[in-house]
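This report concerns only the one structure given below.
These numbers come from a predicted model, not from an experiment.
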Amino acid sequence: MEKVFDGIKKTKLGTEKRPAVVRVQTEERLKEVASILEEKGWQYTIELEPDKPEDITDLEILLNPQEPKVAEKKLGRNEPCPCGSGKKHKKCCDK
């Protein structure tokens, strides 16, 4: 089972404590990415490295944040069974 929260609060991406780190290959791309980050008010570090592949993962995360996951309601043992038998779930389909 995957652990969702380990008790350590992570700093928000794009802040002073955790700036977005982006790697680009050209000066033109650097200006383009910097303007997007500045427009949104995010803190960032851009590396200009023509020899390495572009990495804008942090920018993509900031532009497309994940929606919070909603846990499905679990069926309680004392609730009626969803099969329609009229029995409690613990005495019907929970075997």
Side-chain angles (χ1 to χ4, degrees):
M1 182 177 195
E2 181 183 331
K3 193 172 184 182
V4 176
F5 182 66
D6 60 4
I8 301 170
K9 187 175 179 182
K10 294 179 176 52
T11 15
K12 189 174 177 183
L13 184 62
T15 60
E16 192 174 317
K17 288 187 177 183
R18 187 174 167 215
V21 179
V22 180
R23 183 185 325 124
V24 295
Q25 292 180 320
T26 64
E27 187 71 37
E28 183 180 306
R29 184 73 170 141
L30 185 142
K31 291 176 185 176
E32 180 184 336
V33 171
S35 69
I36 294 169
L37 291 162
E38 287 173 6
E39 179 183 311
K40 301 286 187 176
W42 294 319
Q43 299 294 316
Y44 62 92
T45 302
I46 299 181
E47 301 168 2
L48 177 61
E49 298 185 31
D51 302 339
K52 293 186 179 179
E54 182 173 277
D55 180 11
I56 58 167
T57 306
D58 283 357
L59 176 59
E60 290 171 349
I61 290 169
L62 287 168
L63 290 172
N64 305 305
Q66 289 184 338
E67 294 294 320
K69 293 182 182 176
V70 178
E72 293 181 24
K73 185 180 180 293
K74 286 190 174 181
L75 188 61
R77 290 172 38 89
N78 290 320
E79 292 183 34
C81 190
C83 75
S85 67
K87 296 181 183 178
K88 289 183 179 182
H89 182 65
K90 69 180 178 183
K91 296 207 179 235
C92 186
C93 296
D94 189 37
K95 297 175 184 170

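Applying the salt bridge (charged side-chain N to carboxylate O under 4.0 Å, His left out) rule to E60 yields no partners; only residues at least two apart in sequence or on another chain are considered. When the side chain to side chain donor-acceptor pair (under 3.5 Å) test is applied to E54, the partners found at least two apart in sequence or on another chain are R29. With sequence neighbours left out, E49 forms a side chain to side chain donor-acceptor pair (under 3.5 Å) with K52. Under the rule for a side chain to side chain donor-acceptor pair (under 3.5 Å), T26 has no partner lying at least two apart in sequence or in another chain. Here P65 pairs with nothing under the side-chain contact (heavy atoms from CB on, under 4.5 Å) rule; sequence neighbours left out. In terms of the salt bridge (charged side-chain N to carboxylate O under 4.0 Å, His left out) criterion, residue partners of K73 (sequence neighbours excluded) are, by chain and number, E79. Scored by the side chain to side chain donor-acceptor pair (under 3.5 Å) test, N78 finds K90 as partners (sequence neighbours excluded). Under the rule for a salt bridge (charged side-chain N to carboxylate O under 4.0 Å, His left out), R18 has no partner lying at least two apart in sequence or in another chain. Applying the salt bridge (charged side-chain N to carboxylate O under 4.0 Å, His left out) criterion to K31, with sequence neighbours excluded, gives no partner residue. Residues satisfying the side-chain contact (heavy atoms from CB on, under 4.5 Å) criterion with K17, sequence neighbours excluded, are T11, T15.
If you take CD on E38 and CD on Q43, they are separated by 10.0 Å, rounding to the nearest 0.5 Å.
Clustering of Ile, Leu, Val, Met, Phe, Trp and Tyr side chains at separations under 4.5 Å places Y44 together with L13, V22, V24, L30, V33, I36, L37, W42, I46, L48, I56, L59, I61, L62, L63. With a 4.5 Å cut-off between side-chain heavy atoms of Ile, Leu, Val, Met, Phe, Trp and Tyr, the cluster of V70 takes in none.
If you run side-chain contact (heavy atoms from CB on, under 4.5 Å) between V21 and each of T57, D55, D58, only D58 comes through.
When all heavy atoms of K87 and C92 are compared, the closest pair comes out as CB-CB, 4.0 Å.
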